[in-house]
Amino acid sequence: MARVPLPRILSSGGAHLARSRELARTAADGAADVLHPLITITRGLRRLVAAGRHRWAETPKDHRGSLLFLAASVVLVVILVPYGPLLAVIVLMAAAAWAGRAGACAEPAGPDESQTQRLRSLYEALVPHFSAAEDPEPLYAHGGAWDKAFPTYAFDGTGRVCHLLIRYPAYFTDGEPEARARIEQLLHAKAGRGREYRFTWDEEGNELTVAVLSPLATDIAAQRFVTAPGETVLGFTDAVHVQRTLPLSSGEEQRDVPPVVWRTGIRSTEPHLLAVGEPGSGATTLLRSIALQALQHGDVVVVEGGGSGEYACLTGRDGVLAVECGLSGALASLEWASQETERRLIATNRARQAGRPAPDDIRRPLWLLLDRPSVLTHLATSDGRPDPQSLLQVPLRHGHAVNVTVVITEQFDHLDTLTDAVRRHTRARVVLGPASPEQVAAVLGAAPPTTPTPDVPPGRGYARLGAAPTLRLQVPTTPDPYDENTPESHREAVLALLPPHTTPPDSLTKAAVAET
């Protein structure tokens, strides 16, 4: 029986398919060559938009209005200029073509061998803490894939981890401070000591972000800060929880730095402050900085328990009612402050009942600054006299209603000598100098948000205003201008902020001249 030949279309199908593939490949290459400029411009526009969004996200909220105004002004000028829109389109296309060219934005390369070893070491160290025998598909296991647990990472110039996003299983007890502390201590040791880390826990997403913080600036000297009445700059921090910046001058350089602003006055929820630190930590510098700012709009009474004469530069200045170092003078000044607070309360109550505003002398703020009152407490107990802190009950309880503010500095070793009234009513807290996490938590009521710094300069610490988040703090350099070791630039900066000396009344001047 003769074999029937196959149809022609089936016998020559392979050749047709090969020819079709060749035609399709040629057409694709031709289309890619034709559309290559369009693809490049589109890629460049996408990169420009991404860069614009990143720039907008990094811009502080108080600067975004001026940025929008500048952009609107540029658009208006382009519209009014002859051939402006056409030139703008040409410039935009050229910029997009340049940004979208091959190699303009290199793709991030993976970690090298040493970096991979660091990440694997971190992963293996976390296995005992983030694994469970009952987990059928463990994210952490010895010899497992570390890239699934660390989706985002970055390294600094020395090859150490500077940013790391860690995913952990949902059954990890991230709500317990002890469990968090173990992980943070482990990462601090394995990622590299000698740096300050911030750990951000996302309980909902089961993610932990580890970031290395840059040191706070220590070259900011005392100066006039752009603040409103009732605002006091305690120091400066990083722009993590602070959306505001202040223009500052550091030598010939002008820059914007996020501040830690403490608001006082009638409507303040944290009207009084307690600062704690060891000798040399910068507590006296903080009190001196607050005094210089308070003298702009109010009166100041300084009580120094140490008796070292750190506030002699304030003696006899306008607005400085007293600078006391002895027990008798401190008791007299604090007793007057208590009576003055009561007088202001009575006058305010009478004015409100009569439907009149408060008198001007009551509106003027009064600041009570006490440095180490525990020394005076010890002297009063030995001499059988009343404790100076007992005279602070009225200013602490009712001072915020009549613009009376109390600021106290003390050392860690003498915190037990502070009275209950001082502990209860000083809701604004500051810790300066080297301190353990337990000491910081005991004063601020919350654990520090970062690991201890390897080198603690004077004025470096943490601040917490009421129930607000704990912030890193660097107090502006405000040394004693009468100290021989003070640099000349810092001495001139402090002397420029001091008010002039009080001019005695004419009657006293004539009497003094007659006696001489």
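As the structure is a computational prediction, the values presented were derived from the model and not from experiment.
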Asks: Is any side-chain heavy atom of Leu164 less than 4.5 Å from a side-chain heavy atom of Leu119?
Replies: yes
Asks: Starting at OH of Tyr123, measure out to NZ of Lys148 and round the result to the nearest 0.5 Å.
Replies: 9.0 Å
Asks: Does any non-hydrogen side-chain atom of Thr209 lie less than 4.5 Å from one of His163?
Replies: yes
Asks: Answer yes or no: is there an ion pair linking Arg198 with Asp238, defined by an N-O contact shorter than 4.0 Å?
Replies: yes
Asks: Taking the six-membered ring of Tyr197 as reference, does the cationic atom of Arg193 (NZ for Lys, CZ for Arg) lie under 6.0 Å from its centre and within 45° of its axis?
Replies: no
Asks: Measure the CD-CG distance between Gln474 and Leu432 for me, rounded to the nearest 0.5 Å.
Replies: 9.0 Å
Asks: Is the shortest heavy-atom distance from the side chain of Ile220 to the side chain of Thr477 under 4.5 Å?
Replies: no
Asks: Measuring from Leu465:CG to Leu444:CG, what's the distance to the nearest 0.5 Å?
Replies: 10.0 Å
Asks: So do Val276 and Leu415 actually touch side chain to side chain, heavy atoms under 4.5 Å?
Replies: yes
Asks: Hey, does Val475 have a side-chain heavy atom less than 4.5 Å from the side chain of Leu234?
Replies: no
Asks: Are the side chain of Thr417 and the backbone N or O of His414 linked by a donor-acceptor pair below 3.5 Å?
Replies: yes
Asks: Thinking salt bridges, do Arg263 and Glu270 make one under a 4.0 Å N-O criterion?
Replies: no
Asks: Hey, does Glu310 have a side-chain heavy atom less than 4.5 Å from the side chain of Glu304?
Replies: yes
Asks: Quick check for you: to the nearest 0.5 Å, what is the distance between Leu126 atom CG and Ile183 atom CD1?
Replies: 5.5 Å
Asks: Quick one: does Leu45's side chain get under 4.5 Å of Leu92's, heavy atoms only?
Replies: yes
Asks: Please round to the nearest 0.5 Å and tell me the distance separating atom CG of Leu48 and atom CH2 of Trp98.
Replies: 13.0 Å
Asks: Would you call Arg255-Asp219 a salt bridge at under 4.0 Å N-O?
Replies: yes
Asks: Passes ring-ring contact (aromatic ring centres under 6.0 Å, His included), Phe172 versus Tyr140? Steps please.
Replies: CA-CA 12 Å; Phe172 175 72; Tyr140 288 83; 9.6 Å; no
Asks: May I ask you to establish whether Arg288 and Tyr311 are in a cation-pi arrangement, using a distance under 6.0 Å from NZ or CZ to the six-membered ring centre and at most 45° from the ring axis?
Replies: yes
Asks: Considering only heavy atoms from C-beta outward, does the side chain of Leu370 approach that of Thr409 to under 4.5 Å?
Replies: no
Asks: I need the single residue from Thr227, Val257, Val226 that forms a side-chain contact (heavy atoms from CB on, under 4.5 Å) with Val233. Which is it?
Replies: Thr227
Asks: For Glu231 and Arg244: C-alpha separation, side-chain torsions, deciding distance, then whether salt bridge (charged side-chain N to carboxylate O under 4.0 Å, His left out) applies.
Replies: CA-CA 13 Å; Glu231 293 183 344; Arg244 176 181 176 181; 3.1 Å; yes
